[in-house]
Each structure stands twice: as C-alpha cells, then as structure tokens.
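Accompanying notes for the structure given below.
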2 protein chains.
Amino acid sequence: MSHLGYPCLMALDRDHVLRSAAALLTRKSTATMDEVAKAAGISRATLHRHFAGRDALVRALEQLGIAECEGALDRARPEEGSAAEAVRRLVREIQPAAGLLAFLYGENQLWEGDRQNEGWQRLDARIGALFQRGQRGGEFRIDLSPVWLTEALYGLIASCAWATLDGRVASRDFPTMIAELLLGGALRREEP
Amino acid sequence: MSHLGYPCLMALDRDHVLRSAAALLTRKSTATMDEVAKAAGISRATLHRHFAGRDALVRALEQLGIAECEGALDRARPEEGSAAEAVRRLVREIQPAAGLLAFLYGENQLWEGDRQNEGWQRLDARIGALFQRGQRGGEFRIDLSPVWLTEALYGLIASCAWATLDGRVASRDFPTMIAELLLGGALRREEP
DNA sequence: CTTCAATGAGACATTGATGTCTCATCTGGG
DNA sequence: CCCAGATGAGACATCAATGTCTCATTGAAG
C-alpha cells in the first residue's frame with residue numbers, strides 16, 4: 001500500500017463512482033447521496049471521502065461532462081471535411097455522454113451563479129466555430145446564428161437522451177435523429 | 001362578501017399567484033415557497049391557502065402549462081393550410097408560455113411517476129398528428145418520426161426559452177429561430 | 001503474523017424547507 | 001358602526017437530506 005498522502009485505489013474508484021452517479025442522476029436527478037452511494041456499491045461514508053458533498057459531486061460531474069465533450073469534439077475533427085459531416089461525427093461521438101449532459105443541462109444550479117465553469121465557454125466557442133465555418137463556406141444558412149445553433153444542439157441532445165431513456169426513441173437512432181433534424185430540418189428536400 | 005364556502009376573490013388571486021410563480025420558477029426552479037409568496041406579493045400563509053403545498057403548486061402549474069399549450073394549439077389551427085405554416089403558427093402562439101414550459105420540462109418529478117398527466121398525452125397526440133399530416137402530404141420527410149419531431153419541438157422551445165432568459169437569443173427572434181431550425185435545418189437550401 | 005490504510009455501518013447534530021397553528025390587523029358589506 | 005372573511009406575521013413542530021463523527025472489520029503489503 002502507498003505510504004504517500006494519495007491513496008492509490010481511490011483514483012480508480014473515483015472514476016467508477018462518478019460514472020455510477022452520472023448513470024443514476026440521469027434517471028433521477030434528485031437522487032440522495034445515499035442512493036448515489038448504493039448505486040456505486042459503496043457506503044455513504046466512503047462517498048463523502050471521495051466528494052466533500054453533493055455540490056462537490058455535481059461539480060465533479062460537470063468537469064467530467066466537459067471533459068467528455070471536449071474528447072468527443074477532438075475525435076470529431078471539427079476542422080476536417082464538410083461542416084455537415086463534422087456535425088454528424090460530433091453527434092456520434094457525443095452520444096455516450098448524452099445522459100450526463102442531459103442531467104447537467106437540467107441542473108439549473110450550475111447556471112444561476114454569476115460565473116459559470118469556463119469549460120462550457122470553451123466548448124461553446126469550439127462548437128460555435130464549427131457552425132460558423134459551415135456558414136462561411138456557404139454550407140449552412142446564415143439566418144440562424146452559431147450561438148443559437150449551439151444552444152439548439154445541446155437542447156436536442158438532452159431531448160433525445162430523455163426520449164431514449166423513456167423508450168420513445170431507439171438508442172441506435174440517436175445520432176441520425178439529432179444530426180438529421182439539426183442539419184436538414186423536417187421539410188422534405190426538393191428532388192434534384 | 002361571499003357567504004359561500006368559496007371565497008370570491010381567491011379565484012382571481014389564484015391566477016395571479018400562479019403566473020407569478022411561473023415567472024419566478026422559470027428563472028429559479030428551486031425557489032422556496034417563501035420566495036414564491038414574496039414574488040406574488042402575498043404571505044406564505046396565504047400561499048398555502050391557495051395551494052396545499054409545493055407539490056400542489058407544481059401540479060397547478062402543470063395544468064396551466066397544459067391549458068396554455070392547448071390554447072396555443074387551438075389558435076394555431078393545426079389542420080389548416082400547409083403543415084409548415086401550421087408549425088410556424090404554433091410556435092408563435094406558444095411563445096408566451098415558453099418559460100413555463102421550460103420549467104415544467106425540467107421538473108423531472110412530473111415524469112418519474114408511473115402515470116403522467118394525461119393532458120400531455122393529448123398534446124403529444126395533437127402535435128404528432130400535425131407532423132404526420134405534413135408527412136402524409138409529402139411536405140415533411142418521413143425518416144424523422146412524429147414522436148421525435150414532437151420531442152424535438154419541446155426541446156427547442158425549452159432551449160430557446162432559457163437562451164432568451166440569458167440574453168443569448170433575442171425574444172423577438174424566438175418564433176423564427178425555432179420554426180426555421182425545426183423545419184429547414186441548418187443546411188442551406190440549394191438554389192432552385 | 002503484524003500493521004495500517006480503507007471501508008462499512010451507524011449514531012449524531014445541523015440545516016433548510018415545509019406544513020400547521022395562532023393571533024392581530026385590515027377591509028368591505030350590511 | 002359592526003362583523004365576518006381574508007390576510008400578514010410569526011411561532012412551532014416535523015421531516016428529509018446532509019455533514020461529521022466513532023468504531024469495528026477487512027485486506028493487502030511488509
């Protein structure tokens with residue numbers, strides 16, 4: 001065992017706890033610390049040894065969500081190829097984190113404060129830049145601002161995540177439903 | 001003054017309280033009964049005379065939200081003209097209730113129960129029927145299910161309502177942003 | 001085997017929101 | 001004026017979640 005100040009197993013456990021909490025809070029955002037602990041298979045005492053309190057847990061989940069988003073954005077290579085294809089890649093890569101994002105999206109507590117986590121600003125900027133690239137390249141229409149398109153993307157991800165949990169949308173359709181609606185809309189394209 | 005069991009002014013006040021609560025809870029969904037009372041300009045005691053408790057208040061807001069949606073749907077005349085125009089009318093009519101809907105949308109408590117208010121089912125059916133009409137008429141694409149389009153509409157309304165509160169989207173752009181994205185998507189149409 | 005960090009179980013106090021109650025005050029109708 | 005109903009203010013108990021604490025047990029390294 002470690003004779004350092006940092007326990008060696010907690011780092012691994014912490015990630016497991018975090019993901020269990022994400023999965024539970026996605027379904028029940030008001031879950032108790034007790035329920036979170038049970039879902040992770042640990043005691044409430046141990047949970048408190050990992051996270052000082054509920055607030056710290058939510059903040060950690062926020063960090064995880066940001067990290068997952070940035071990872072998805074990196075893997076999606078937003079500067080490569082057509083903007084539309086980049087958006088499709090992004091949606092596909094982001095699907096595993098959709099539940100967590102939906103939870104965070106509904107956690108108003110995170111947005112009420114005067115200062116929000118700057119990670120979201122970075123993400124907004126990167127996603128907004130992708131939409132802007134599409135506009136500059138004549139691929140996307142210019143009457144829908146990049147800011148709104150970014151916001152809409154988040155909203156559709158959360159909507160589809162919840163609809164998936166309720167069984168109203170099949171999990172395998174997630175990327176298509178979001179990307180197709182966001183890019184093409186409901187109107188049928190004219191035959192070329 | 002009334003000698004009946006039902007006070008005569010409470011009916012009027014009740015509506016005012018309900019709308020104040022909606023406005024407050026839209027901004028701060030975790031607001032206390034005390035804050036709700038203050039926002040309505042009444043005391044907590046009086047608030048409790050109107051609504052048995054927080055749960056009853058939320059249920060009443062849910063009813064109000066359903067009623068506003070049905071009213072908007074009626075005024076939008078979903079059976080009339082092109083489906084796309086009907087959707088545009090619907091979004092326009094629903095804007096005043098968007099904040100309330102966004103609050104209700106995030107109130108997971110309403111959806112966790114085994115049985116949800118049947119008003120939502122009626123609304124889902126009516127809105128779904130509108131999208132289906134557009135599909136049957138060859139106006140909308142058929143690879144996006146009416147259920148998903150309905151869900152997406154709710155999600156975009158909530159997104160835009162929050163973005164409007166934060167000043168990221170102008171209030172006057174609300175109908176356009178939602179309807180244009182939902183109908184046309186981000187992709188630029190080919191020149192005919 | 002010994003040791004020690006990590007854990008689980010549970011007791012305990014605290015906190016914040018809630019629901020209920022009483023009582024003084026206000027107000028409009030008779 | 002007088003009164004009944006409505007209100008506001010506040011005291012009070014309750015309740016659930018939280019945060020903190022202790023202590024016995026476990027388990028793996030030395």
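In what follows, every chain begins at residue 1, and chains take the letters A, B, ... in the order their sequences are listed.
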What is the distance from NE2 of B:His50 to P of C:dT18, rounded to the nearest Å?
-> 17 Å
Tell me, please, which residues at least two apart from B:Gln109 pass side-chain hydrogen bond (donor to acceptor under 3.5 Å, both in side chains).
-> B:Asp55
Throw together a table of side-chain donor-acceptor distances under 3.5 angstrom for residues 38-45 of chain B, partners on residues two or more places apart or in other chains.
{"residue": "B:Ser43", "atom": "OG", "partner": "B:Thr46", "partner atom": "N", "Å": "3.3"}
{"residue": "B:Ser43", "atom": "OG", "partner": "B:Thr46", "partner atom": "OG1", "Å": "3.2"}

Residues which pass salt bridge (charged side-chain N to carboxylate O under 4.0 Å, His left out) with B:Arg59, listed by chain and number, not counting sequence neighbours | B:Glu62
In 5'-to-3' order, the base (B), backbone-only (S) or no-contact (-) status of each nucleotide in nucleotides 21-27 of chain D, using a 4.0 angstrom heavy-atom cut-off, is -------
Which pairs with one or both residues in residues 73-127 of chain A pass ring pair (Phe, Tyr, Trp, His ring centres under 6.0 Å), sequence neighbours excluded?
-> A:Tyr105-B:Trp162, A:Trp111-A:Trp120
Could you give all pairs that pass the side chain to side chain donor-acceptor pair (under 3.5 Å) test and reach residues 121-131 of chain A, with sequence neighbours left out?
-> A:Glu70-A:Arg122, A:Asp74-A:Arg126, A:Asp124-A:Tyr154
Which nucleotide, D:dA9, D:dG19, C:dT7, lies nearest any side-chain atom of B:Ser43?
-> D:dA9
Under a 4.0 Å heavy-atom cut-off, which of residues 32-42 of chain B touch DNA chain C?
-> B:Thr32, B:Met33
Can you tell me which residue pairs pass the salt bridge (Lys or Arg N to Asp or Glu O under 4.0 Å) test with a partner in residues 168-181 of chain A, sequence neighbours excluded?
-> A:Arg88-A:Glu180, A:Asp166-A:Arg168, A:Arg168-B:Glu151, A:Glu180-B:Arg141
Is A:Arg54 touching bases, backbone alone, or none of the nucleic acid, heavy atoms closer than 4.0 Å?
-> sugar-phosphate
Salt bridge (charged side-chain N to carboxylate O under 4.0 Å, His left out) filter on B:Glu35, not counting sequence neighbours, yields B:Lys28
